[in-house]
Amino acid sequence: SLKRCVDLNFCPELFPLKSMDDDIGSLVKSIVPPLTSKKHKGQDGRIGIIGGCKDYTGAPYFAAISALKVGGDLSHVFCTKDAATVIKSYSPELIVHPVLDSPNAVEEIETWLPRLHGLVVGPGLGRDDFLLRTVIERSKARDIPIVIDADGLWLISQQPSVIHGYQKAILTPNFMEFTRLFEALPMNGSDHRRSVMQLSGAMGNLTLVLKGEQDLISDGNKVYSCSVEGSGRRCGGQGDLLSGSMGVMAHWAHLRPKKKNDSFGACSLTRQCNNQAFQRHGRSTTTSDMIQEIGPAFRKLFES
Ligand SMILES: NC(=O)C1=CN([C@@H]2O[C@H](COP(=O)(O)OP(=O)(O)OC[C@H]3O[C@@H](n4cnc5c(N)ncnc54)[C@H](O)[C@@H]3O)[C@@H](O)[C@H]2O)[C@@H](O)CC1
Ligand SMILES: Nc1ncnc2c1ncn2[C@@H]1O[C@H](COP(=O)(O)OP(=O)(O)OP(=O)(O)O)[C@@H](O)[C@H]1O
Ligand SMILES: [Mg+2]
């Protein structure tokens, strides 16, 4: 169960293992907004995904549709012109803005920023550093939670100062992306747990999630691990499901001050989706199969 699998292994003297185990499920549950008839469209999350180019249309689609399936109300994708029609044709649920290769890209995105509750920067984005840096700076100025993944992390490894100390940032590197970040800062270490904590600390205590056999999550003071059982199937796109879900859950968490449990929610959910999809599809499991499991996995983890 979630309670058994999300644990704290690094500083047990600071946080007794058992009590933390017992807390996680209920902490995540406590940020999930209730479904009531009093709400208007948009309240449970308007999320922007910055990414999508000629080569990569799947990644932003996976992130954006996952944000909706987790419970966000509106998903906006900001991508290049030639990616836009492709992404729209995957799903009528997504609002797609073909702006990234326009000369006014930053202004076009900025028009939407006041209406967005969370941003996911990077899935399928490519590596335009000016655009990325400016969008991140403008989002920080508006205090919007930002999940930085994939190509967004490439920028951060070039210019860590862009995000340094921003408490509403969550970085979700895979192992290679983590290594690039770690090498960009003058540090050394071989123990993953310690490295994750060190890197988070060096970046001003923002939230860092190293994905892998166990997901390691740190705010620079402690390291938590999420090892909800997934499967041996490692198809591309699972990280995009995670970052899209994280975008919505970060918004939910920031509505409730002091509850920084957004990362656990998205990590456990992604792994649970992987587990359930694998039970149905085995070796042929793809990220689309995992997306179909978001509803049942969410219910099992956070609504039962
Ligand atoms: N369908 C799609 O459109 C997809 C597009 N993607 C996009 O593709 C672009 C490049 O992403 P990449 O993830 O390939 O990033 P990189 O180009 O930095 O490559 C990372 C490499 O590291 C390897 N790797 C990952 N974990 C490792 C580990 N634990 N040990 C050793 N090697 C490991 C991977 O096989 C990959 O080749 C991004 O824009 C990303 O969003 C991916 O999200 C996958 C799906
Ligand atoms: N060895 C593993 N065992 C179990 N789960 C794993 C393993 N490696 C990664 N995962 C899970 O898969 C999800 C995506 O992590 P991964 O490292 O594949 O990201 P990624 O490389 O960014 O993916 P993407 O292809 O979307 O870019 C995370 O939820 C992580 O917990
Ligand atoms: Mg990735």
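Read the numbers this way: they start at 1 and go in the same order the structure lists the ligands and their atoms.
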Give me the ring orientation class for [X] and [Y]: parallel if the planes are under 30° apart, tilted from 30 to 60°, perpendicular past 60°.
X	Y	value
Tyr61	Tyr90	perpendicular
Phe298	Trp252	perpendicular
His117	His251	parallel

**Request:** Drop me the distance from Asp149's CG to Ile170's CD1, to the nearest 0.5 angstrom.
**Result:**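 Separation between the atoms: 11.0 Å.
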
**Message:** Quick check for you: to the nearest 0.5 Å, what is the distance between Leu206 atom CG and Ile163 atom CD1?
**Reply:**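 Nearest 0.5 Å value for the CG-CD1 distance: 6.5 Å.
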
Donor-acceptor pair between [X] and [Y] side chains, under 3.5 angstrom:
X	Y	value
Gln238	Asn274	yes
Gln214	Arg193	yes
Asp82	Thr80	yes

**Asked** Taking NZ, NE, NH1 and NH2 as the nitrogens, is one of them in Asp73 or Lys41 under 4.0 Å from a carboxylate oxygen of the other?
**Response** no

**Every residue of the protein that comes under 4.0 Å of ligand 2, judged on heavy atoms** =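 Its neighbours under 4.0 Å (heavy atoms only) are Asn174, Lys211, Gly212, Glu213, Asp215, Arg234, Gly236, Gly237, Gln238, Gly239, Asp240, Leu242, Thr270, Arg271, given by chain and number.
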
Which atom pairs, nitrogen or oxygen on both sides, join ligand 1 and the protein at under 3.5 angstrom?
unit_1, atom_1, unit_2, atom_2, d
ligand 1, 3 (O), Gly58, N, 3.1
ligand 1, 3 (O), Ala59, N, 3.0
ligand 1, 18 (O), Arg180, NH1, 3.4
ligand 1, 18 (O), Arg180, NH2, 2.6
ligand 1, 39 (O), Gly124, N, 3.0
ligand 1, 39 (O), Asp151, OD2, 2.6
ligand 1, 41 (O), Gly124, N, 2.8
ligand 1, 43 (O), Asp240, OD1, 3.2
ligand 1, 43 (O), Asp240, OD2, 2.8

